[in-house]
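Single-structure report; data block below.
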2 protein chains.
Amino acid sequence: MDQVEVFKALSNKTRLLILQWLKDPELHFPDQGRCVLEVGVCVGEIQRKVNLTQSTVSEYLSLLQRTGLIESTRIGQWTYYKRNEEAFRELKNLIDKEL
Amino acid sequence: MDQVEVFKALSNKTRLLILQWLKDPELHFPDQGRCVLEVGVCVGEIQRKVNLTQSTVSEYLSLLQRTGLIESTRIGQWTYYKRNEEAFRELKNLIDKEL
DNA sequence: AATCTACATCGGAATTTCCCGATATACCTG
DNA sequence: CAGGTATATCGGGAAATTCCGATGTAGATT
């Protein structure tokens, strides 16, 4: 886990918001289907809550994925993103020890 | 405490290193005087451990100070910097809750 | 006052980040 | 296959960041 890369990923209001929303997807994305907890939330659903273009949101999500903080599942024409809680535990542990 | 600003401050290898060094200044700055724990470490001492110019190190330190993560004390011609552990506790608490 | 030392600030070139519109790709449906 | 929808990727302008050398400023020394 590259500390600098993770902190860069977190250095953006929108990306922080997305990560926080994904903590409780049922609450923040009520229009999403029933398997929200399992597969996560699709890009379009996230984009509708963010005042940014589709391409920007897509890039933010893959950036977050590259850091390992979120994971994606492709189902049909949708890509669902959800938090990787294990990565968050690792990050918090790192911060606790090294910061 | 502005999360984005703090994460930006942490998004840099050198700044992270400095913050880690300041956790145990006696260990990492043995040439510094006796009141290291009280006032911290001066800019020049930090610069000698970093492969960057004086102006860059000075700017990094005031950037970190603006976030509140470190504090400065001017004594004579020296400016000493040390960690603000209270700010780190606040940050870790924020990360624990919001991330 | 003249000078030296420690640090801060300024101006700027190079790089990176932000965010967009356009386009490409993948999948689904008729 | 043609057309529609969801997402990814590309190219790029604008803004921010990185880091430098030069210069400014404050305190100490002579």
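Every chain is numbered from 1 and lettered A, B, ... according to where its sequence line falls, protein lines coming before strand lines. Remember, it's a predicted structure, so these values are computed and weren't measured experimentally.
- Taking 4.0 Å as the cutoff to heavy atoms of chain B, we find the contact window on DNA chain C bounded by dT5(C) to dC10(C).
- For Thr56(A) and Thr53(A), the side-chain atoms include at least one donor-acceptor pair closer than 3.5 Å.
- Contact between the side-chain N/O atoms of Thr53(B) and the OP1/OP2 oxygens of dC20(D) is found at a separation under 4.0 Å.
- Residues Ser11(A) and Ser11(B) bring a donor and an acceptor atom of their side chains to less than 3.5 Å of each other.
- Thr67(A) and Glu5(A) form no side-chain donor-acceptor contact under 3.5 Å, judged by distance and modelled atom types alone.
- Summary of the strand contacts: Lys8(A) and Glu45(A) both lie near DNA chain D, and taking for each the nucleotide with the nearest heavy atom, the more 5' one is attributed to Glu45(A).
- Distance, Glu5(B) CD to dA16(D) P: 11 Å, rounded to whole Å.
- Within the cation-pi definition used here (under 6.0 Å to the ring centroid, within 45° of the axis), Arg74(B) does not qualify as a partner of Tyr80(B).
- Cation-pi check for Lys8(B) over Phe7(A) is not met; the charged atom does not lie both under 6.0 angstrom from the ring centroid and within 45 degrees of its normal.
- Rounded to an integer number of Å, the gap from Leu52(A) CG to dA14(D) P is 19 Å.
- Rounded to a whole Å, the CD atom of Glu59(B) is 14 Å from the C1' atom of dG24(D).
- Grouping Ile, Leu, Val, Met, Phe, Trp and Tyr by side-chain contacts under 4.5 Å, direct or through others, leaves Leu63(A) on its own.
- At distances below 3.5 Å, at least one donor-acceptor pair connects side-chain atoms of Lys82(A) with backbone N or O atoms of Glu38(A).
- For the pair Arg15(B) CZ and dT17(D) C1', the interatomic distance rounds to 8 Å; values are reported in whole Å.
- Regarding Gln47(B), its CD atom lies at a distance of 12 Å from the C1' atom of dC20(D), rounded to whole Å.
- Phe7(A) places its CZ atom 19 Å from the C1' atom of dT18(D), with the value rounded to the nearest Å.
- Between the CD atom in Gln47(B) and the CD1 atom in Ile18(B) there is a gap of 10.0 Å [rounded to 0.5 Å].
- Within residues 64-81 of chain A, the residues that have a heavy atom under 4.0 Å from DNA chain D are, in order of number, Gln77(A), Trp78(A), Thr79(A), Tyr81(A).
- Side-chain atoms of Gln54(A) come within donor-acceptor range of the base of dA8(D), with a qualifying N/O pair under 3.5 Å.
- Note on Ser62(A): nothing from the nucleic acid sits closer than 4.0 angstrom, heavy atoms only.
- In terms of phosphate contacts, Asn12(B) brings a side-chain nitrogen or oxygen within less than 4.0 Å of OP1 or OP2 of dT18(D).
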(message) Applying side-chain contact (heavy atoms from CB on, under 4.5 Å) to Leu17(B) and Val50(B), what does each step give before you reach the verdict?
(response) CA-CA 9 Å; Leu17(B) 254 179; Val50(B) 170; over 6 Å; no
